[in-house]
Amino acid sequence: MIGRRPGRVTTQGERLADLFRRDGWHVLETSPQASRPIRLVDTVISILRWRKEIDLAMLSVFNSWGFIMADLSSALTKVLGIPTVMVLHGGGLPAFAKRHPRWVRRVLNRATVMIAPSGFLAEQMAPHTSHEIQVIPNVIDLGEVRFRHRNRVGPTIFWMRAFHHNYNPELALRVIKRLIATYPNAKLTMAGPDEGSFAQTTELARTLSLDDSVEFVGFLDEPAKRAAFDVHDIYLHTNRVDNTPVSLVEAWAFGLPVVCTEVGGIPYMVEHERNALIVADDDPVGMHRAIERLISDQGLAESLSQGGRDASAIYSWDHVRGQWIALIEEILGGPGPQAQERA
């Protein structure tokens, strides 16, 4: 997994490490180094140093540079005879696999077991491996969430993702520009680290004269993120590429009605008009209409708020824990620490 680094989004690997450790498992994590080459070297050294301690390796598999990490790490665990669970991540992985089919198949077939967090990713990656891909959802800790049922909503919009082309932050600005024509008090808060598009996004905000309507708050740590979800009424998800976004699940859990683009794995997890409103990719008119519909139809807003909360339950640790433990115990051929303690 990619280790913890301040100012970066918490990965699923980090969440799982914390939750397994809390349940009594012994967990080792690598690597917190910011430099990719140094992180790669540190990961290899860590695997070698811990080889006699490791019963099972859990490897997060991303595209691009992350796939190089997966290649070298899995080659090493294969040589050392360490069972390896590969967990596929990222809406960009299917396109990467189509560009590099032989490489991807060679690496993925080293896995002992392969996991995807969504039916979308399992379906898209099935042609690139001889393994059956099991689906275990991404996880959030609902114990940290304060659900607030929205029985009516105002034009206070929250967007949270990295500022990157794939996440289309400019779309949020084009939407709020339309919205303030009807609701002059409309506000948009945009949160997340810069991954290449922040300067372009802020320049567009200036061009559209949105200085009084848009606030850029940077990366939010967990307390600040919870506070932001609590004070906003609508969550805007503008991605061009996606799989199973945890930020959308978090918005559900906090009770925010969601408006999202119909891309990647979104149709596999979202039900239109039951737990979100879905619009076409890069469609500011459709997204604006969806938001106005939420503001004017309090029954719809109330229904989506509760529907999202209900949908978030399948991503809770209480729901997901049993799937992970059954999988690990099957690979290791014995019970985990909790079962041992009960015995």
Side-chain angles (χ1 to χ4, degrees), residues 9 11-13 15-16 58-64 66-67 70 85-101 103-105 107-109 111 113-140 160-162 164-168 171 235-253 258-283 286-287 290 304 307-308 310-316 319-320 323-324 327:
V9 175
T11 67
Q12 277 295 298
R15 289 178 187 269
L16 285 173
M58 291 180 57
L59 180 62
S60 297
V61 180
F62 295 88
N63 65 339
S64 190
F67 201 79
V85 177
M86 290 190 183
V87 187
L88 308 178
H89 287 291
L93 190 57
F96 179 83
K98 289 179 180 178
R99 293 195 301 271
H100 308 283
W103 181 22
V104 170
R105 175 171 284 272
V107 173
L108 297 189
N109 282 343
V113 173
M114 191 167 300
I115 302 297
S118 70
F120 163 74
L121 204 54
E123 180 182 293
Q124 292 291 310
M125 294 303 293
H128 301 286
T129 177
S130 58
H131 288 286
E132 178 184 354
I133 303 176
Q134 302 181 43
V135 175
I136 300 180
N138 284 332
V139 64
I140 66 170
M160 185 180 70
R161 203 66 196 248
H164 185 280
H165 171 77
N166 285 348
Y167 306 139
N168 201 4
L171 174 58
Y235 184 72
L236 204 58
H237 194 77
T238 59
N239 288 22
R240 292 186 173 101
V241 177
D242 220 331
N243 176 34
T244 311
V246 171
S247 57
L248 190 155
V249 178
E250 290 175 325
W252 273 346
V258 169
V259 179
C260 58
T261 48
E262 190 176 17
V263 299
I266 295 295
Y268 289 73
M269 65 182 293
V270 169
E271 294 184 63
H272 181 57
E273 296 187 344
R274 182 170 181 178
N275 49 42
L277 296 181
I278 305 176
V279 301
D281 180 27
D282 200 27
D283 180 6
M287 192 160 272
L304 293 188
D310 294 343
S312 71
I314 70 167
Y315 302 89
S316 70
H319 182 85
V320 173
Q323 298 174 66
W324 274 114
L327 174 73

Ile278 side, atom CD1; Glu262 side, atom CD - distance, nearest 0.5 Å: 5.5 Å
Identify every side-chain donor-acceptor pair in residues 263-270 under 3.5 Å, counting partners at least two apart or on other chains, and give the distances.
residue : atom : partner : partner atom : Å
Tyr268  : OH   : Glu123  : OE1          : 3.4
Tyr268  : OH   : Glu123  : OE2          : 2.8

Looking only at heavy atoms, what is the nearest atom pair of Asn138 and Thr244, with distance? ND2-O, 3.0 Å
Could you list all the salt bridge (Lys or Arg N to Asp or Glu O under 4.0 Å) pairs where at least one residue sits in residues 238-249, not counting sequence neighbours? Arg161-Asp242
How would you list, by chain and number, every residue that makes a side chain to side chain contact (heavy atoms under 4.5 Å, CB included) with Ile314, sequence neighbours excluded? His319
Heavy-atom distance under 4.5 Å between the side chains of Val139 and Trp324, does that happen here? no
To the nearest 0.5 Å, tell me how far Ile115 CD1 sits from Leu59 CG. 12.5 Å
All N/O donor-acceptor pairs, side-chain side in residues 89-100, below 3.5 Å, sequence neighbours left out:
none

For the pair Leu88 and Leu108, evaluate side chain to side chain contact (heavy atoms under 4.5 Å, CB included) and give the outcome as yes or no after the intermediate values. CA-CA 10 Å; Leu88 308 178; Leu108 297 189; 4.1 Å; yes
Please name all residues satisfying side chain to side chain contact (heavy atoms under 4.5 Å, CB included) with Ala111, sequence neighbours left out, ordered by chain then number. Met86, Met114, His131
With a 4.5 Å limit on heavy-atom distance, are the side chains of Thr261 and Asp282 in contact? no
Kindly write out the residues that satisfy side-chain hydrogen bond (donor to acceptor under 3.5 Å, both in side chains) with Tyr167, not counting sequence neighbours, or none if the list is empty. none
With sequence neighbours left out, what residues match Glu273 under side-chain hydrogen bond (donor to acceptor under 3.5 Å, both in side chains)? Arg293
Short question: side chain of Ser118, backbone of Asn243 - any donor-acceptor pair under 3.5 Å? no
Salt bridge (Lys or Arg N to Asp or Glu O under 4.0 Å) against Arg274, all qualifying residues, sequence neighbours excluded: Glu271
Among residues at least two apart in sequence or on other chains, which ones pass side-chain hydrogen bond (donor to acceptor under 3.5 Å, both in side chains) with Ser312? none
Roughly how far, to the nearest 0.5 Å, is NE2 of His272 from CG of Leu304? 9.0 Å
Which residues pass the salt bridge (Lys or Arg N to Asp or Glu O under 4.0 Å) test with Asp310, sequence neighbours left out? none
Quick one: closest heavy-atom pair of Val258 and Ala251, and the distance? CG2-CB, 4.1 Å
Can you tell me how far OG of Ser130 sits from CD of Glu132, rounded to the nearest 0.5 angstrom? 11.5 Å
Taking all heavy atoms of Leu248 and all of Cys260, pick out the closest pair and write down the distance. CD1-CB, 4.1 Å
Rounded to the nearest 0.5 Å, how far does CG of Leu171 lie from CG of Asp283? 8.0 Å
All side-chain hydrogen bond (donor to acceptor under 3.5 Å, both in side chains) counterparts of Glu250, not counting sequence neighbours: Arg15, Lys225
Which distance, rounded to the nearest 0.5 Å, do you find between the CD1 of Ile140 and the OH of Tyr315? 9.5 Å
Give a yes or no on whether the backbone of Met160 and the side-chain of Tyr235 come within a donor-acceptor separation of less than 3.5 Å. yes
Side-chain heavy-atom pair Gln12, Pro117 within 4.5 angstrom cut-off: no
